[in-house]
Amino acid sequence: MTTGLSRIAEKAKADRKARFTSLAHLLTPEFLLETWKQMNRRAAGGVDGETMQEFERERETRIKELHARLRTGRYRPPPVRRVEIPKGDGKTRPLGIPTVEDRLVQRAVARILSAIYEQDFLDCSYGFRLGRNPHQALRALRSHVVAGKVRHVYEADIRGYFNHINHDWLRKMVAHRIADPVILRLLGRWLRAGVMQEGIVVRTHEGSPQGGPISPVLANVYLHYVLDLWFEKKFKTWCQGEAYLTRFADDYVACFQYKRDAERLDRILTRRMRKFGLELAREKTRMLLFGRFARERMAEFGKKPETFEFLGFKHVCGVDRKGKAAVVRIPSAKSCRKFLDRTRDWLRGHLHWRRRDQQRELASRLRGFYQYFALSHTMPKLYWVLGEVQRQWRRAIRRCGQRSRSHWSYLEAQPWFALPRPELLHPTV
C-alpha cells in the first residue's frame, strides 16, 4: 500500500499541474487495515459512543463492511461530537470528535491527500506535516532574524480559523489536484456532516471541525493557496527588501528588512483574508521593531526592544555569550500558566494517591514539558516551573494531614521522591 502512495507522490512531484482522477481504488481493506494500525488507540468515541477497543474486537469484519459501503457509495459520515476544551483566559476551543469508523476513513483519505499535497506545500509551512515539527519552524525563524537583514516582524492571528474556512473556496482549491469523484464526494459529505452538541445536530456551511484526521490536511491546503503561495510568488515580488514567512498551522510570523514592506502586508492582508472568508484578529496583529539592531535603536530612546510570542515561546532580542546578536526564546507566561494549571488540577483530583504514583505522574508531565521547551536560554524558566510544581505538591500533601511538615521532610529525604531536573535537549534549535 505504501508503494501505491509513493507512486502518487512521485507523479505529483514530477507534474505540478497533474489532476488525479483515480484515487478511490487505493481504499482497499488492506489499506484501511494498514491505516488502522497507525491510529491512536486512546482516542475518544464519537456520537455513537463506540470505543477503539470495541471496533478492534471486530476489526476485520468491520473493515470489510466499511470497504463495501465505500465501494458502492453508500458510506455516509455521521456528525461529529462537539466538545469544548479549555483554551486559556477563560476561553474554550470547539473540538469535533468523529466516530471510530469515520476517523478511520478520514485518516485513510488524509494519507492519500498528503502524498499529493506534500509535493506542493512550501518550505515556509511546518504544521501538520510528516517529518516537520515546531522546533524546525523556530529554527527557521531564528535563522531569518540572525542571518538575514530582518529589522521588522509582523505578527498576525486569524480569528477562529478552523471555524471559518469557506467550503466553496476549499472545493475549488482541492479541485486543482483532485478530480476523483469518490474522494470529492467524501470531502463534501464531511464538510456538510455538521456537529452534534447536547443531542442537537447543527449543519455547518463553513469551517472544518478540529479533531478529525482530515481537518489538518484541508486546513493546510486552504492556507497554502490563501497565504503561502501568494506570499512567496506574488507579494515578495512587491517587496524592496528581504521578506520571510514562517507558518505553523494557522500561526504565522512574517519578517522584513524594511518597515514599508511590513506596512504594505498589513494593508493588503486584511483584504486578502476577507476575500476567502477569514478575518485577522486586530488585537493580536501588530508590527514591531525586531532584529540585530533593535536593541541599539530602542536604547537611543531609553527603551527595551519589543517581544512577540510564537509557538509557545516569547522571542526576545538578546546577545549570546560572545556578545553577538541572538534571538532568545523563553517559555511564554501563557504556556507556563497552562501547564501549572493542569498539574494543580491533577493534584487536587488525586490527593490520596500513593506518593510514589504521584511522583511518577508529575515526573512524566515535567519531562514532557522539558522535551518541548528545553532550548538554549530556557533553563532559568524551566527551573522556575520545577519549583512551582514542587510547591504545588507540597501544598497538596499538607492538605492530607496534620503532620504534613514532618511528613514532607521525610519524603524529601527519599531518593525516589525527587522530580527530574531540566536539561538542555535542543541546543541547535
Side-chain angles (χ1 to χ4, degrees), residues 4-27 31 70 73 77 105-132 158 161-193 204-210 212-238 245 247-250 252 268-269 271-278:
L5 291 180
S6 299
R7 292 199 192 100
I8 290 175
E10 290 172 3
K11 183 177 179 181
K13 185 176 182 180
D15 186 355
R16 297 298 175 91
K17 295 183 179 181
R19 297 182 72 221
F20 292 83
T21 59
S22 180
L23 295 171
H25 70 277
L26 291 173
L27 297 174
F31 187 80
L70 287 169
V105 181
Q106 286 193 32
R107 181 75 182 93
V109 174
R111 292 177 63 194
I112 297 172
L113 296 184
S114 295
I116 297 170
Y117 282 104
E118 275 299 318
Q119 317 312 315
D120 296 348
F121 291 153
L122 304 183
D123 289 339
C124 62
S125 168
Y126 293 88
F128 305 129
R129 295 181 59 187
L130 186 63
R132 294 197 158 216
I158 303 175
Y161 170 62
F162 283 87
N163 298 327
H164 294 97
I165 294 176
N166 184 281
H167 290 178
D168 292 333
W169 274 114
L170 180 59
R171 290 189 186 96
K172 293 178 183 179
M173 294 170 184
V174 171
H176 277 292
R177 281 298 224 170
I178 309 299
D180 186 317
V182 176
I183 300 297
L184 293 177
R185 192 182 305 120
L186 278 173
L187 293 177
R189 287 173 178 173
W190 279 319
L191 292 175
R192 297 190 303 269
T204 55
H205 302 286
E206 63 177 4
S208 178
Q210 290 178 267
I214 199 67
S215 183
V217 181
L218 298 180
N220 261 343
V221 170
Y222 202 75
L223 278 185
H224 169 72
Y225 289 104
V226 173
L227 183 63
D228 302 352
L229 206 59
W230 172 79
F231 185 92
E232 294 293 333
K233 303 299 182 182
K234 192 169 185 178
F235 181 80
K236 286 178 73 170
T237 63
W238 302 335
L245 176 70
R247 180 176 70 83
F248 190 94
D250 59 327
Y252 61 94
I268 298 176
L269 195 57
R271 297 196 301 270
R272 176 78 181 173
M273 291 292 171
R274 189 183 301 121
K275 175 182 177 181
F276 294 95
L278 302 175

Q) Considering residues at least two apart in sequence or located in another chain, which fulfil the side-chain contact (heavy atoms from CB on, under 4.5 Å) criterion with Ala12? A) Phe20, Ile116, Gln119, Arg177
Flag side-chain contact, heavy atom, 4.5 Å: [X] against [Y]:
X: Val217; Y: Val109; result: no
X: Leu122; Y: Leu245; result: no
X: Met173; Y: Val226; result: yes
X: Arg129; Y: Phe121; result: yes
X: Lys172; Y: Tyr225; result: no

Q) Taking everything shown except Lys236 itself, do over 12 heavy atoms lie less than 6.0 Å from its NZ? A) yes
Q) Should the pair Trp238 and Phe235 be assigned to parallel (<30°), tilted (30 to 60°) or perpendicular (>60°) ring geometry? A) perpendicular
Can any side-chain N or O of [X] pair as donor or acceptor with the backbone N or O of [Y] at less than 3.5 Å?
X: Arg132; Y: Asp123; result: yes
X: Tyr117; Y: Val174; result: yes
X: Arg19; Y: Ala175; result: yes

Show the nearest heavy-atom pair for residues [X] and [Y], with the distance to one decimal.
X: Pro77; Y: Ala193; result: O-CB, 4.0 Å
X: Asp180; Y: Ala24; result: OD2-N, 2.8 Å
X: Phe31; Y: Ala108; result: CE2-O, 3.5 Å
X: Pro213; Y: Pro216; result: O-CD, 3.3 Å
X: Phe276; Y: Tyr222; result: O-OH, 2.5 Å
X: Ala219; Y: Tyr161; result: O-OH, 2.7 Å

Determine all donor-acceptor pairs shorter than 3.5 Å in which one atom belongs to a side chain in residues 183-190; sequence neighbours excluded.
from: Arg189; atom 1: NH1; to: Tyr75; atom 2: O; distance (Å): 2.8
from: Trp190; atom 1: NE1; to: Asp102; atom 2: OD1; distance (Å): 2.8
from: Trp190; atom 1: NE1; to: Asp102; atom 2: OD2; distance (Å): 3.4

Just how far is it from atom [atom1] of [X] to atom [atom2] of [Y], taken to the nearest 0.5 Å?
X: Leu269; Y: Arg274; atom1: CG; atom2: CZ; value: 10.5 Å
X: Asn220; Y: Asp250; atom1: CG; atom2: CG; value: 10.0 Å
X: Arg247; Y: His224; atom1: CZ; atom2: NE2; value: 9.0 Å
X: Leu278; Y: Asn166; atom1: CG; atom2: CG; value: 8.5 Å
X: Tyr252; Y: Leu223; atom1: OH; atom2: CG; value: 8.0 Å
X: Leu27; Y: Arg111; atom1: CG; atom2: CZ; value: 10.0 Å

Q.
Using side-chain contact (heavy atoms from CB on, under 4.5 Å), reason through Lys275 and Arg271 one step at a time and then give a plain yes or no.
A. CA-CA 6 Å; Lys275 175 182 177 181; Arg271 297 196 301 270; over 6 Å; no
Q. Can you list the steps and then say if Ile165 with Leu191 is a side-chain contact (heavy atoms from CB on, under 4.5 Å)?
A. CA-CA 10 Å; Ile165 294 176; Leu191 292 175; over 6 Å; no
